[in-house]
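Just so you know, ligand 1 is whichever comes first in the structure, and atom 1 is the first atom listed for that ligand.
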Amino acid sequence: MTDLDALERDLLAQVEGAPDETALEGLRVATLGKKGSVSELLKTLGAMTPDARKTWGPRINGLRDRLQAALSLRREALAEAALAARLAAERIDVTLPVREAPEIRGRIHPISQVIDEITAIFSEMGFAVAEGPDIETDELNFTALNFPPGHPAREMHDTFFLAPDRDGRRKVLRTHTSPVQVRTMRAQAPPIRVIIPGRTYRHDSDQTHTPMFHQVEGLVIDKAANLGNLKWVLETFCKAFFEVDSVTMRFRPSFFPFTEPSAEVDIQCSRKDGEIRFGEGQDWLEILGCGMVHPNVLRNCGLDPDEFQGFAFGVGIDRIAMLKYGMPDLRPFFEGDLRWIEHYGFRPLDVPSLVGGLTG
Ligand code: PHE
């Protein structure tokens, strides 16, 4: 009968060593299940003589009882251990600060913010948004805008030229958003009232210039749009954008091949210790170029200058962003430094509007 004792020791050791509830259940089925080893032992009792059964009955039943007890003890221990592990893993420290969700932590780049602000202001004035590609043909960037081939004004723009194509034509990274004036006039009939925000490129780099920068072009074409309207639009825009009752602007006569007459507009500011402040001081910062659309440009777009006229302007977005938000250097705008964007960026859910406030 040492066999039975050995079997019991072995089974109890297996129960003790069962690593988890699944293994334990497997062990139960293998011993006490219908065809389990201990169940089979119990079945042998029926065929025994009464004497033998007297001896073996209590022993085998005893083995079954002790095995059952051991199984349920082990099951309880395993369940407790599993619960404890889960509680430890899922523990929440309610004293920790709440981690902000990505849509709360993320920041809108000042350029995107300012483009949204500009769009909100001009759409209130009835302007639609138009767009064009960054890689532009020489024809649209220059020729159609009344820059004759070889004209020195092309040099003014420090153009990035692409390698010539098979026909020897070189595309350019657009040096201004003005080619989209041509695209718009060729695509839709007047009256036209659009703004065109976008990236522009020139070979230039210092504190207020980067090789890639942003402009917003404005174009109004109808039968009567005049310089007075242009001035009003620009002043209204500047007051709304800078959120002030009056702005000091200076219109200087200038030259652009695609406008006549032309002007450059400066805005009053102070520049102390490299910091640009708007609304004070004796300095001027050039923020835009403008003028009446040149008759040659209208003709190049299939419009009769005796019937249609209009004005255009091109505003340096980066410049007015720096002015409005007191950012002294343009270069970090495009360096992708998280610390900078955390400091100067805007909250994503504060969408600018004239009604709700441009800057939240
Ligand atoms: N395209 C000009 C520039 O980039 C700006 C401008 C736009 C001037 C529209 C007049 C009219 O300098």
Side-chain angles (χ1 to χ4, degrees), residues 115 118 122 127 129-134 136-148 151-160 172-185 192-204 208-221 225-235 237-238 249-267 284-298 300-301 303 305 308-321 330:
I115 289 177
I118 293 170
F122 278 105
F127 284 71
V129 173
E131 282 180 319
D134 290 14
E136 190 52 283
T137 62
D138 186 280
E139 205 261 323
L140 289 172
N141 195 80
F142 292 124
T143 315
L145 287 167
N146 200 33
F147 289 78
H151 190 280
R154 289 179 189 236
E155 313 301 314
M156 269 164 44
H157 278 202
D158 297 310
T159 312
F160 287 113
V172 301
L173 290 179
R174 65 177 178 193
T175 57
H176 49 179
T177 41
S178 302
V180 191
Q181 284 189 34
V182 180
R183 289 178 176 275
T184 307
M185 284 187 270
I192 292 171
R193 212 184 285 168
V194 290
I195 55 160
I196 304 144
R199 294 174 200 257
T200 46
Y201 305 83
R202 286 182 207 178
H203 198 286
D204 208 351
T208 52
H209 295 85
T210 49
M212 187 281 296
F213 59 106
H214 298 81
Q215 287 190 338
V216 58
E217 192 87 6
L219 176 69
V220 172
I221 302 286
N226 58 47
L227 265 184
N229 302 147
L230 166 63
K231 213 171 161 219
W232 181 86
V233 165
L234 292 176
E235 259 180 37
F237 164 70
C238 281
M249 298 166 83
R250 182 169 78 173
F251 286 72
R252 274 184 293 110
S254 185
F255 170 78
F256 300 104
F258 39 94
T259 47
E260 181 57 38
S262 306
E264 277 174 311
V265 176
D266 306 328
I267 194 155
W284 299 91
L285 187 74
E286 183 194 323
I287 58 163
L288 66 92
C290 61
M292 297 302 294
V293 177
H294 196 290
N296 287 348
V297 175
L298 292 170
N300 290 339
C301 299
L303 295 176
F308 295 108
Q309 62 184 47
F311 57 83
F313 52 87
V315 184
I317 292 180
D318 317 81
R319 295 287 184 85
I320 61 172
L330 182 57

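Residues Phe122 and Phe313 place their aromatic rings such that the two centres sit under 6.0 Å apart. Note: Tyr201 and His214 fail the aromatic proximity criterion, with ring centroids not under 6.0 Å apart.
Between Phe147 and Phe142, the ring planes are perpendicular. Angles over 60° get that label, and only those under 30° would be called parallel.
Residues that satisfy the side chain to side chain donor-acceptor pair (under 3.5 Å) test with Glu264, not counting sequence neighbours, are Arg252, Ser254. Under the rule for a side chain to side chain donor-acceptor pair (under 3.5 Å), the partners of Thr175 that lie at least two apart in sequence or sit in another chain are Asn141, His157. Annotation: side chain to side chain donor-acceptor pair (under 3.5 Å) contacts of His209 (sequence neighbours excluded): Asp206, Arg319.
Under 4.0 Å from any atom of ligand 1, one finds heavy atoms of residues His176, Ser178, Gln181, Arg202, Gln215, Glu217, Phe256, Phe258, Thr259, Gly289, Cys290, Ala312, Phe313, Gly314.
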